[in-house]
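Accompanying notes for the structure given below.
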Amino acid sequence: MRKYAKTSKTVLMICLFLTQLGFCCAYALFIAKNLLQFAINLQIGGFDQGDVKIFLLILLPVMILLNFVKSIRHLAMGSTFANVVQLTSLIIIAYNLVTDVPSISDRKPIGDKLPQFVSTTVFTYEGITVVSV
């Protein structure tokens, strides 16, 4: 098996590169769509659903700058800020979940967005897998 070591390493690196590329593209699109929906809900700028490319272009310089960070220690403040924002979001979501709850008879047993849930779950597990490798 040792004679296949270099070839196996090259194939593995190519597969990891393609996985990361696909993951990052999907993640960028996910963020851009969420920011677009946020702008639409707040009626900022008069955007519509087709303007996701504008938000991808807005995200591009930020993502390029993040790639220049060489030490994980330098990302600590950004990570702290992200954790505070996430905690705040979870509190707002929990508050919205427990206020004005409709009766159970008005709810469908399985929602219309089940495929979106499955894709989001797979997306999350893929990210966890890449981090653990």
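Count residues from 1 along the sequence. Note that these values count all heavy atoms, side chains included, but never hydrogens, waters or copies made by symmetry. Values in this document were obtained by computation on a predicted structure and should not be read as measured data.
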Under 4.5 Å between any side-chain heavy atoms of [X] and [Y], yes or no?
X	Y	answer
Y95	I91	no
Q37	Q49	yes
D48	D51	yes

So, taking the atom named [atom1] in [X] and the one named [atom2] in [Y], what distance separates them when rounded to the nearest 0.5 Å?
X	Y	atom1	atom2	value
F55	L60	CZ	CG	15.0 Å
L21	F17	CG	CZ	5.0 Å
I31	K33	CD1	NZ	13.0 Å
L90	N83	CG	CG	10.5 Å

| message | Taking atom CD1 as the centre, does I72 end up with more than 12 heavy-atom neighbours from other residues, nucleotides or ligands that are less than 6.0 angstrom away? | response | no
| message | I need the minimum non-hydrogen distance between A32 and L59, along with the two atoms involved. | response |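 Minimum heavy-atom contact is N-CD1, 3.7 Å.
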| message | Ignoring hydrogens, what is the shortest heavy-atom contact between L56 and A28? Give both atom names and the distance. | response |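 Between these two residues, the closest heavy atoms are CD2-O, 3.6 Å.
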If hydrophobic clusters are built by linking Ile, Leu, Val, Met, Phe, Trp and Tyr wherever their side-chain heavy atoms come under 4.5 Å apart, do [X] and [Y] end up in the same one?
X	Y	answer
L65	M77	no
L29	M63	yes
Y27	L36	yes
V11	L16	no
L35	I58	yes

| side chain to side chain contact (heavy atoms under 4.5 Å, CB included) partners for I14, two or more places apart |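 Side chain to side chain contact (heavy atoms under 4.5 Å, CB included) list for I14, sorted by chain: T10, L18.
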| query | Ignoring hydrogens and geometry, is there a side-chain-to-backbone donor-acceptor pair from N96 to I93 under 3.5 Å? | reply | no
| Quick one: does S79's side chain have a donor or acceptor within less than 3.5 Å of a partner on L75's backbone? | no
